[in-house]
There are 2 protein chains.
Amino acid sequence: MEKDKEELALKKCTQTIMAIHDVMDILNGKWKISIMACLCFKKMRYSDLLKKVNGISGKMLSRDLKELEANGLITRTIYDTQPITVEYETTKYGASLNKVTEVIAAWGLEHRRKITGK
Amino acid sequence: MEKDKEELALKKCTQTIMAIHDVMDILNGKWKISIMACLCFKKMRYSDLLKKVNGISGKMLSRDLKELEANGLITRTIYDTQPITVEYETTKYGASLNKVTEVIAAWGLEHRRKITGK
DNA sequence: CGGAATCCGCGCGGATACTG
DNA sequence: CAGTATCCGCGCGGATTCCG
């Protein structure tokens, strides 16, 4: 029946909304997705991220890094050099966001082409 | 040379960050992605969205819908019934976000499975 | 039904200065 | 270098009320 089909679609819609809401709870704020995208390319240090993630302030960066670590998306390792070195790296789990960031970025490029370009 | 390769990767990283930032400018806030995901399933009315997008308030919904429309992602059509009916629908352009919302939702489901489940 | 208007708290997020 | 601390404005976003 087509009524069942309709119902099924709506149910999937509801599930989708919930799933997205979950993600937005973890990746909230202006910067987390950018940070994850950056770390998906390679592990980086605090100062590297500060430069790469354009416009972010030191406060937000460290705060977001803490939250991302708390959610198991990245790891923080300290090297006892002089001065001390800290490296951030995606966990295996965090690396699975790679696909997400890629798709977003791809759409963003397309969008920019549409806006600025012609 | 591998140095060139490294350089290329970093350049791509920078581009990715910029692209993501563009997207976040359009899809900012807590709800826009959910709204778009919802409308990617089917066109809906204001009250439908209010129910489907769980937790959103009327104010945010109408504000976000306005912004999404301003960015060309959705259209708003008024039917002269009694009482009046308004339908929101993705533009062809907005529909291209389908892939994005799908990937995010997929990751979200996986995430929920990891958190609650085991 | 489909909003607009108003009130208001909270926390995001920027700027700056300081620390080990 | 890798942060922390503090101050503070702004706007997101909730709740409620009102309107055509």
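In the text below, chain A, chain B and the rest are named by the order of the sequence lines, each starting its count at 1. What you see is a predicted model; the values in this text were computed from it and never measured.
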**Student:** Within a radius of less than 6.0 Å around CG of D25(A), do more than 12 heavy atoms belonging to other residues, nucleotides or ligands occur?
**Tutor:**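 Yes - once you tally the heavy atoms of other residues, nucleotides and ligands closer than 6.0 Å, there are more than 12.
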**Student:** Given D64(B), which partner from the list M36(B), E69(B), K30(B), K32(B) fulfils the side-chain contact (heavy atoms from CB on, under 4.5 Å) test?
**Tutor:**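 Per the side-chain contact (heavy atoms from CB on, under 4.5 Å) rule, the option paired with D64(B) is K32(B), out of M36(B), E69(B), K30(B), K32(B).
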**Student:** Any donor and acceptor pair, going by atom type alone, linking the side chain of T116(B) with main-chain N or O of R112(B) inside 3.5 Å?
**Tutor:**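 Yes; at least one donor-acceptor contact below 3.5 Å.
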**Student:** Closest-nucleotide mapping onto DNA chain C: is E67(A) or P83(A) further toward the 5' terminus? I mean the 5' end.
**Tutor:**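 Looking at the nearest nucleotide for each, E67(A) comes out on the 5' side.
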**Student:** How many Å lie between CG on D64(B) and P on dG13(D), as a whole number?
**Tutor:**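 From D64(B) CG to dG13(D) P: 7 Å.
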**Student:** Between atom CD1 in I56(B) and atom C1' in dG13(D), what is the gap in whole Å?
**Tutor:**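 Atom CD1 in I56(B) sits about 9 Å away from atom C1' in dG13(D).
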**Student:** Any chance you could list the contact pattern along nucleotides 3-9 of chain D? Use B for base contacts, S for sugar-phosphate-only contacts and - for none, protein heavy atoms under 4.0 Å, 5' to 3'.
**Tutor:** BB-BB--
**Student:** To the nearest angstrom, how far is L50(A) atom CG from dG13(C) atom C1'?
**Tutor:**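 Those two atoms, CG and C1', are 14 Å apart.
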**Student:** Any sub-3.5 Å donor-acceptor pair from K52(B)'s side-chain atoms to L10(A)'s backbone N or O?
**Tutor:**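 Here the side-chain-to-backbone pair exists.
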**Student:** Parallel under 30°, tilted from 30 to 60°, perpendicular over 60°: which one fits the rings of W107(A) and Y93(B)?
**Tutor:**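 Because their plane-to-plane angle is under 30°, the rings of W107(A) and Y93(B) count as parallel.
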**Student:** Roughly how many Å is it from NZ in K32(B) to P in dG11(D), rounded to a whole number?
**Tutor:**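 These atoms are roughly 14 Å apart.
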**Student:** Is a salt bridge present between E102(B) and K99(B), judged by a nitrogen-to-oxygen distance below 4.0 Å?
**Tutor:**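 No, no charged N to carboxylate O under 4.0 Å.
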**Student:** Could you tell me whether E6(B) and K42(A) have a side-chain N and a carboxylate O separated by less than 4.0 Å?
**Tutor:**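 Yes.
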**Student:** In this structure, how many angstroms lie between the P atom of dC12(C) and the NZ atom of K30(B), rounded?
**Tutor:**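 Distance check: K30(B) NZ to dC12(C) P gives 11 Å.
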**Student:** Please give, in whole Å, the distance from dA4(C) C1' to M60(B) CE?
**Tutor:**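 Rounding to the nearest Å, CE of M60(B) and C1' of dA4(C) are 14 Å apart.
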**Student:** Between I84(A) and W31(A), name the one whose nearest nucleotide on DNA chain C is closer to the 5' end.
**Tutor:**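 Nearest-nucleotide comparison on DNA chain C picks W31(A).
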**Student:** Look at S47(B) and dG2(C) and indicate whether a side-chain polar atom (N or O) is within less than 4.0 Å of OP1 or OP2.
**Tutor:**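 Looking at the OP1 and OP2 atoms of dG2(C), one of them is under 4.0 Å from a side-chain N or O of S47(B).
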**Student:** In whole angstroms, how far is the C1' atom of dA15(D) from the CG atom of L61(B)?
**Tutor:**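 Answer to the nearest Å: 15 Å.
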**Student:** Rounded to whole Å, please give me the gap between CD in E87(A) and C1' in dA2(D).
**Tutor:**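 Result: 13 Å.
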**Student:** Verify the contact: side-chain N or O of R45(A) to OP1 or OP2 of dA2(D), cut-off strictly under 4.0 Å; return yes or no.
**Tutor:**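 Answer yes for this pair, as a side-chain N or O of R45(A) is under 4.0 Å from OP1 or OP2.
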